[in-house]
Number of protein chains: 2
Amino acid sequence: MDFVSFQKQFDLALKKAQTFVFFCECSIQYSGRAEAFLDRGDRLILIKQDKTMQIHQPEGSTPINYMKAGGELKLQRENKHYSLKAYHPGDKDYLDIEIYKMYDCLTRKLEDGQKLELVGTERDMSDWIMQNPTSISKDFKPLSREEHTKFGFIDVFGHDREGNLVIVECKRYTANLDAVTQLRRYVEKIIELKGVKKVKGILASPTISPNAENMLKKWGYTWVRVVPPKRLERHNKKQHSLGDF
Amino acid sequence: MDFVSFQKQFDLALKKAQTFVFFCECSIQYSGRAEAFLDRGDRLILIKQDKTMQIHQPEGSTPINYMKAGGELKLQRENKHYSLKAYHPGDKDYLDIEIYKMYDCLTRKLEDGQKLELVGTERDMSDWIMQNPTSISKDFKPLSREEHTKFGFIDVFGHDREGNLVIVECKRYTANLDAVTQLRRYVEKIIELKGVKKVKGILASPTISPNAENMLKKWGYTWVRVVPPKRLERHNKKQHSLGDF
DNA sequence: TACTACATCTCGCAT
DNA sequence: ATGCGAGGTGTAGTA
């Protein structure tokens with residue numbers, strides 16, 4: 001593919017807010033929050049209508065280089081090849097792509113107003129605990145699932161029959177050291193703010209790493225096994241077609 | 001584009017370990033670590049030679065759905081449309097894409113043996129501190145930059161003239177509450193393992209959030225302003241071409 | 001804008 | 001395989 005027709009496609013795609021994807025041989029220089037250089041090789045480059053850009057190598061889930069939305073893009077001739085420059089004012093990020101060979105490109109206006117319906121998040125887990133308090137303990141009375149309020153970002157907050165305040169931190173997967181220190185921070189914050197000492201810290205997760213459990217015990221907190229719910233209502237009835245694999 | 005030729009391209013691309021990208025109208029169902037559903041809309045789908053797959057909506061940096069490497073892919077006819085199913089045994093992840101319209105596709109074998117050279121990471125920052133110990137304090141004597149060793153993941157470890165052990169935790173950006181709790185964990189671990197009490201905790205970062213600084217002071221640790229170096233040697237000489245923007 | 005925490009995080013490294 | 005932490009993390013939600 002020649003550069004001139006590439007440039008036409010590129011300009012048109014940006015003007016019409018299309019999604020633009022192409023294969024090329026390029027080298028890449030990044031400068032901003034860090035600095036990076038990627039020597040010559042074949043890559044796929046994807047540019048969306050919001051001017052996000054990502055460069056993909058032939059393997060791996062994550063782009064090897066990218067620019068976030070809110071930047072500017074410019075394609076220009078430079079000596080024997082083309083140069084695609086991106087600049088993001090907010091992050092002060094620069095990306096320079098030197099394009100040696102253009103292979104193919106594809107462009108299309110995508111119409112998509114849908115949003116992902118997702119269940120099985122940490123929020124779903126804390127909702128479920130609110131509705132099933134005995135999963136924490138027999139006498140646990142949840143008061144609130146306060147996220148961004150006065151006491152911070154506690155997943156589930158309540159009390160028990162002995163008058164203890166109870167703080168529950170949820171983790172969807174194996175709870176680790178970070179989860180324990182996070183819980184500890186919340187418990188200490190409550191003790192400080194409320195001026196009380198009867199505060200219980202509970203870590204709720206399907207599993208916990210040995211180190212995390214040791215630390216948890218050492219600080220007097222407890223772990224409760226809770227498996228997060230993750231069934232979409234609309235898919236409950238359909239059985240998954242496992243037969244295909 | 002008709003489905004039959006699409007299927008041929010798809011099979012060939014997978015067989016030849018090519019990178020395969022196409023535009024289509026589809027709906028998506030995900031089940032595994034969580035559950036998700038995305039109703040009908042136009043998307044770009046990218047499949048790489050390692051069988052990673054990602055579905056992109058017309059905006060945003062991150063794919064709305066994806067599958068990691070190590071899975072299986074299968075395209076098959078299903079009633080009036082096609083269905084692209086993916087299964088990842090390790091994660092027990094299922095992804096079903098129902099394709100209503102195929103627009104265009106592009107496939108190519110990408111040759112790329114390059115790896116990203118990156119500087120300005122937390123490791124570079126701790127290296128720099130090792131070589132410039134006075135950035136921490138006048139009498140700081142670094143002993144080691146131990147990452148994955150017996151004492152844990154301490155960025156820089158050393159001592160001062162008064163015989164204190166000194167633990168430095170580096171953050172490349174604004175240090176937050178997490179950074180402080182992380183430092184605290186390391187300090188307490190050292191106190192426990194070494195059986196000493198003269199341990200100083202230092203958080204090194206270019207900036208620190210107010211909450212984090214409060215907590216740091218409360219626990220008796222200190223913050224040192226360190227701006228991480230991030231210039232690639234090879235790019236030191238070239239001045240960045242800011243003129244283009 | 002800054003701060004906080006989640007994420008189907010991904011990725012690499014060490015045990 | 002699991003545990004742990006970094007990441008140019010990105011993204012959402014809130015003060």
Side-chain angles (χ1 to χ4, degrees), chain A residues 30-36 52 54 59-69 88 90-95 116 118-126 146-150 152-155 169-179 182 185-186 207-213 228 230, chain B residues 28 30-36 52 54-55 59-69 86 88 90-95 116 118-126 146-150 152-155 169-179 182 185-186 207-212 228 230:
Chain A
Y30 163 75
S31 176
R33 286 169 289 176
E35 302 231 333
T52 53
Q54 41 195 287
E59 297 200 338
S61 295
T62 54
I64 193 69
N65 282 108
Y66 59 90
M67 292 293 276
K68 290 193 289 190
H88 192 290
D91 298 349
K92 287 178 184 165
D93 273 343
Y94 297 87
L95 193 66
L116 192 73
L118 180 68
V119 296
T121 60
E122 205 171 284
R123 188 191 171 109
D124 293 321
M125 192 172 167
S126 63
E146 320 189 57
E147 303 216 341
H148 298 270
T149 51
K150 41 191 171 180
F153 304 82
I154 296 162
D155 289 330
E169 171 63 27
C170 304
K171 289 296 161 193
R172 302 179 49 218
Y173 302 115
T174 305
N176 60 13
L177 295 173
D178 265 355
Q182 203 177 339
R185 222 168 60 209
Y186 298 153
T207 48
I208 184 167
S209 76
N211 281 353
E213 192 162 24
K230 58 179 185 185
Chain B
I28 295 161
Y30 163 73
S31 177
R33 286 168 290 174
E35 301 228 334
T52 53
Q54 41 194 288
I55 295 100
E59 297 200 337
S61 294
T62 52
I64 192 67
N65 283 108
Y66 58 90
M67 293 292 277
K68 292 194 290 191
H88 192 290
D91 298 347
K92 287 177 184 165
D93 274 341
Y94 297 87
L95 193 65
L116 192 72
L118 180 68
V119 297
T121 61
E122 205 169 284
R123 188 192 170 109
D124 293 321
M125 192 172 167
S126 63
E146 321 188 57
E147 300 215 345
H148 296 271
T149 51
K150 43 189 170 180
F153 304 83
I154 296 162
D155 289 330
E169 172 63 25
C170 304
K171 289 295 162 193
R172 301 179 49 219
Y173 303 114
T174 304
N176 60 13
L177 294 173
D178 263 357
Q182 204 177 338
R185 224 168 56 208
Y186 297 154
T207 49
I208 184 167
S209 78
N211 282 352
K230 59 178 184 186

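Each chain gets a letter, A, B and so on, in the order its sequence line appears, and its residues count up from 1.
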Donor-acceptor under 3.5 Å (B:His88 side chain, B:Met67 main chain): no
C:dT10 phosphate, OP1 or OP2, under 4.0 Å from B:Lys68 side-chain N/O: yes
Any donor-acceptor N/O pair, B:Arg172 side chain to A:Arg33 backbone, under 3.5 Å: yes
Candidates C:dC6, D:dG8, D:dC4 - which lies nearest the side chain of A:Leu177: D:dC4
Short side-chain N/O contact from A:Tyr66 to OP1 or OP2 of D:dG10, under 4.0 Å: yes
Minimum-distance nucleotide (side-chain atoms of A:Asn211 versus D:dG10, C:dA5, D:dG3): D:dG3
Side-chain-base donor-acceptor pair under 3.5 Å for B:Asn65 and C:dT8: yes
Under-4.0 Å side-chain N/O to phosphate OP1/OP2 contact, A:Tyr173 with C:dC9: yes
Touch class at under 4.0 angstrom, heavy-atom based, for B:Glu169 against every strand present: sugar-phosphate
Phosphate contact (C:dC6 OP1 or OP2) by A:Gln182 side-chain N/O below 4.0 Å: yes
Rounded P spacing from C:dT8 to C:dT4 in Å: 23 Å
Any donor-acceptor pair under 3.5 Å from A:Gln182 side chain to A:Glu169 backbone: no
Sugar-phosphate only, base, or nothing, as touched by B:Ile154 at under 4.0 Å among non-hydrogen atoms: nothing
Under 3.5 Å: donor-acceptor pair, side chain of B:Gln54, backbone of B:Asn65: no
Distance, rounded to the nearest Å, where B:Arg123 contributes CZ and C:dC11 contributes C1': 15 Å
Close side-chain approach of A:Glu59 and B:Thr52, heavy atoms under 4.5 Å: no
Atom pair distance, as rounded to whole Å: CG in A:Leu118 and P in D:dT11: 15 Å
Closest listed nucleotide, where the reference is the side chain of A:Arg185 and the choices are D:dT11, D:dA6, C:dT4: C:dT4
Rounded P spacing from D:dG8 to D:dC4 in Å: 23 Å
Short side-chain N/O contact from A:Ser209 to OP1 or OP2 of D:dC4, under 4.0 Å: yes
Integer-rounded Å distance: C:dC6 C1' and A:Asp155 CG: 10 Å
Sugar-phosphate, base or nothing in reach of B:Lys171, heavy atoms under 4.0 Å: sugar-phosphate
Nearest-nucleotide 5' precedence on DNA chain D, A:Ala212 against B:Glu122: A:Ala212
Side-chain ion pair, A:Asp178 and B:Arg185, N-O less than 4.0 Å: yes
Nearest-nucleotide comparison on DNA chain C, the residue closer to the 5′ end among A:Gly60 and A:Cys170: A:Cys170
Sugar-phosphate, base or nothing in reach of A:Met67, heavy atoms under 4.0 Å: base
Presence of A:Thr62 side-chain N/O under 4.0 Å of C:dC11 phosphate oxygens OP1/OP2: yes
hbond_proxy A:Asn176 side chain to D:dG3 base (donor-acceptor, 3.5 Å cutoff): no
A:Arg33 side chain near D:dA6 phosphate (N/O to OP1/OP2, under 4.0 Å): no
B:Ala34 vs A:Ser61, nearer the 5' end of DNA chain C by closest nucleotide: B:Ala34
Side chain proximity check, B:Ile55 to B:Tyr66, heavy atoms < 4.5 angstrom: no
Touch class at under 4.0 angstrom, heavy-atom based, for A:Arg172 against every strand present: sugar-phosphate
Euclidean distance, atom CG of residue A:Leu116 to atom P of C:dA7 [Å, nearest integer]: 13 Å
5' precedence on DNA chain D between A:Ala69 and A:Ile208 (nearest-nucleotide basis): A:Ile208
Touch class at under 4.0 angstrom, heavy-atom based, for B:Gly120 against every strand present: nothing
Distance in angstrom units between A:His88 NE2 and D:dT9 P, rounded: 13 Å
Separation of atom CD1 in B:Ile64 from atom C1' in D:dT11, rounded to whole Å: 11 Å
Length of the NZ-P vector between A:Lys92 and C:dT1, whole Å: 12 Å
Charged N-O contact under 4.0 Å between A:Asp124 and A:Lys230: no
Phosphate OP1/OP2 of C:dT4 contacted by A:Tyr186 side-chain N/O (<4.0 Å): no
Interatomic distance where NZ belongs to A:Lys230 and P belongs to C:dA7 [whole Å]: 13 Å
A:Phe153 side chain, from C-beta outward: closest of C:dC11, D:dG5, C:dA5: C:dA5
B:Thr121 side-chain N/O to D:dA6 phosphate OP1/OP2 under 4.0 Å: no
